[in-house]
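Note that these values count all heavy atoms, side chains included, but never hydrogens, waters or copies made by symmetry. Since we're looking at a predicted model, the values are computed, not measured. Just so it is clear: chains get the letters A, B, ... in the order the sequence lines come, proteins before strands, and each one is counted from 1.
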2 protein chains.
Amino acid sequence: MRCSLSNHEQILHLLKGLNNQISPKFERCTGISSSRYELLHQLYETDEINQSTLQKAVNIDSAAITRHLKQLEANGMVARRRNPNDNRVIFVRLTEEGRKQIVGYKKEKVNFVNQMLHDFNQEELETLSDMLNRMQNNISEY
Amino acid sequence: MRCSLSNHEQILHLLKGLNNQISPKFERCTGISSSRYELLHQLYETDEINQSTLQKAVNIDSAAITRHLKQLEANGMVARRRNPNDNRVIFVRLTEEGRKQIVGYKKEKVNFVNQMLHDFNQEELETLSDMLNRMQNNISEY
DNA sequence: CCTCAATTATTGACCTGTCAATAAAATATA
DNA sequence: TATATTTTATTGACAGGTCAATAATTGAGG
């Protein structure tokens, strides 16, 4: 396997750098952190959902999920209750208030992402998405 | 499982998810965090360098740089001294010890990245690198 | 000279993520 | 039934990043 070290080095550096840039900028533009947005977005798509399946969907540690949701609950964006049939699990859903608010966030988010990808055509988007998925797969075993 | 995400939505989610996966795995595999590695790598390439230009090279906040370098100094990996001609700036360089150590890290890092990109050919690597750069440019104004 | 602005590094407050340890509930099994 | 295992959520300790405020030094202009 031929490995161009410099290219390989670059990729990791670029990925990290890009992400470090994205997070604060996303928040400045949209008024919400990208993780919070992800959570709300997932909730927006469904009615009521287990915390654990939500965790898997957004792909961040469950400890972080707990803290985000507690915050969002304190802000009146989401409501939580235990599953009566299984007292371990917690159901989460958007409140009416939350459902209303997220519409605005969505708009800002679309603007941001459109700017970030404004010069990508459909084919490139698919290529990129494919590559990111492949990388994720390639390190999933570790 | 929901699949109603547009491509634009997906990209951001993938990027974030990938990065969250990479950081801990990189550290487990190589024995050093990817930011620390970046710093040492930059220092490896030069002899002695301003902290501020180092900061620009690795593209993370200067507050974080200060803390990393203090740690690395405490571990005997880097040495720092003030520039005699401008007492504001600090020169950083690898110690002999650090220069020796990083060789091992480099090997582990190459293994990790090769695994992550093992099914990417040269053209794909360039495409990917190009795309990441474009995204970074597209949000640089924010 | 003296003040004012710019540069550099540092620190503190805060946010977000990880891991490891725990608690509580449900489930499997001896 | 009693005990062990698994699942789920939570918490604490920690690492790494941002921003904003500060100090110290340098450089520029009146």
Salt bridge present between A/Arg134 and B/Glu124 (N-O < 4.0 angstrom): yes
Whole-Å distance separating the CG atom of A/Leu72 from the P atom of C/dC15: 13 Å
B/Arg28 vs C/dT18: side-chain N/O to OP1/OP2 distance below 4.0 Å: no
Ring centres under 6.0 angstrom apart (B/Phe112, B/Phe26): yes
Integer-rounded Å distance: C/dC15 C1' and A/Leu39 CG: 14 Å
Sugar-phosphate only, base, or nothing, as touched by A/Lys25 at under 4.0 Å among non-hydrogen atoms: nothing
Side-chain donor/acceptor of B/Arg67 to base of D/dG17, under 3.5 Å: no
side-chain N/O B/His68 vs D/dG17 OP1/OP2, d < 4.0 Å: yes
B/Asn83 CG - D/dT25 P separation (whole Å): 13 Å
Exceeds 12 heavy-atom contacts within 6.0 angstrom, atom CD of A/Glu123: no
Length of the line joining A/Arg81:CZ and D/dT8:P, which is rounded to integer Å: 17 Å
Rounded distance (Å) that lies between atom C1' of D/dT18 and atom CD1 of A/Ile22: 15 Å
Integer-rounded Å distance: D/dG16 P and A/Asn20 CG: 12 Å
Gap between atoms CD and P, on B/Gln71 and D/dA15 respectively (whole Å): 7 Å
Members of residues 132-142 of chain A that approach DNA chain D, where some heavy atom sits under 4.0 Å away: none
Distance under 6.0 Å and angle within 45° of ring axis: B/Lys106 vs B/Tyr44: yes
Check ion pair B/Glu38-A/Lys16 (N to O, under 4.0 angstrom): no
Any donor-acceptor N or O pair under 3.5 Å, side chains B/Glu27, B/Ser33: no
DNA chain D: 5'-proximal contact among A/Ala64 and A/Pro24 (nearest heavy atom): A/Ala64
Residue pair B/Asp119 / A/Asn138, side-chain donor-acceptor N/O under 3.5 Å: yes
Side-chain donor-acceptor pair present, A/Gln51, A/Gln55, cut-off under 3.5 Å: no
Rounded interatomic separation in angstrom, taking NZ from B/Lys16 and C1' from C/dT18: 13 Å
Touch class at under 4.0 angstrom, heavy-atom based, for A/Asp61 against every strand present: base
Same apolar cluster: B/Leu69 and B/Val89, side chain cutoff 4.5 Å: no
Reading 5' to 3' through nucleotides 2-10 of chain C, protein heavy-atom contacts under 4.0 Å coded B for base, S for sugar-phosphate only, - for none: -----BSSB
Position toward the 5' end of DNA chain C (nearest nucleotide), A/Ser33 or A/Asn87: A/Ser33
Other residues, nucleotides, ligands: >12 heavy atoms within 6.0 Å of B/Glu141 CD: yes
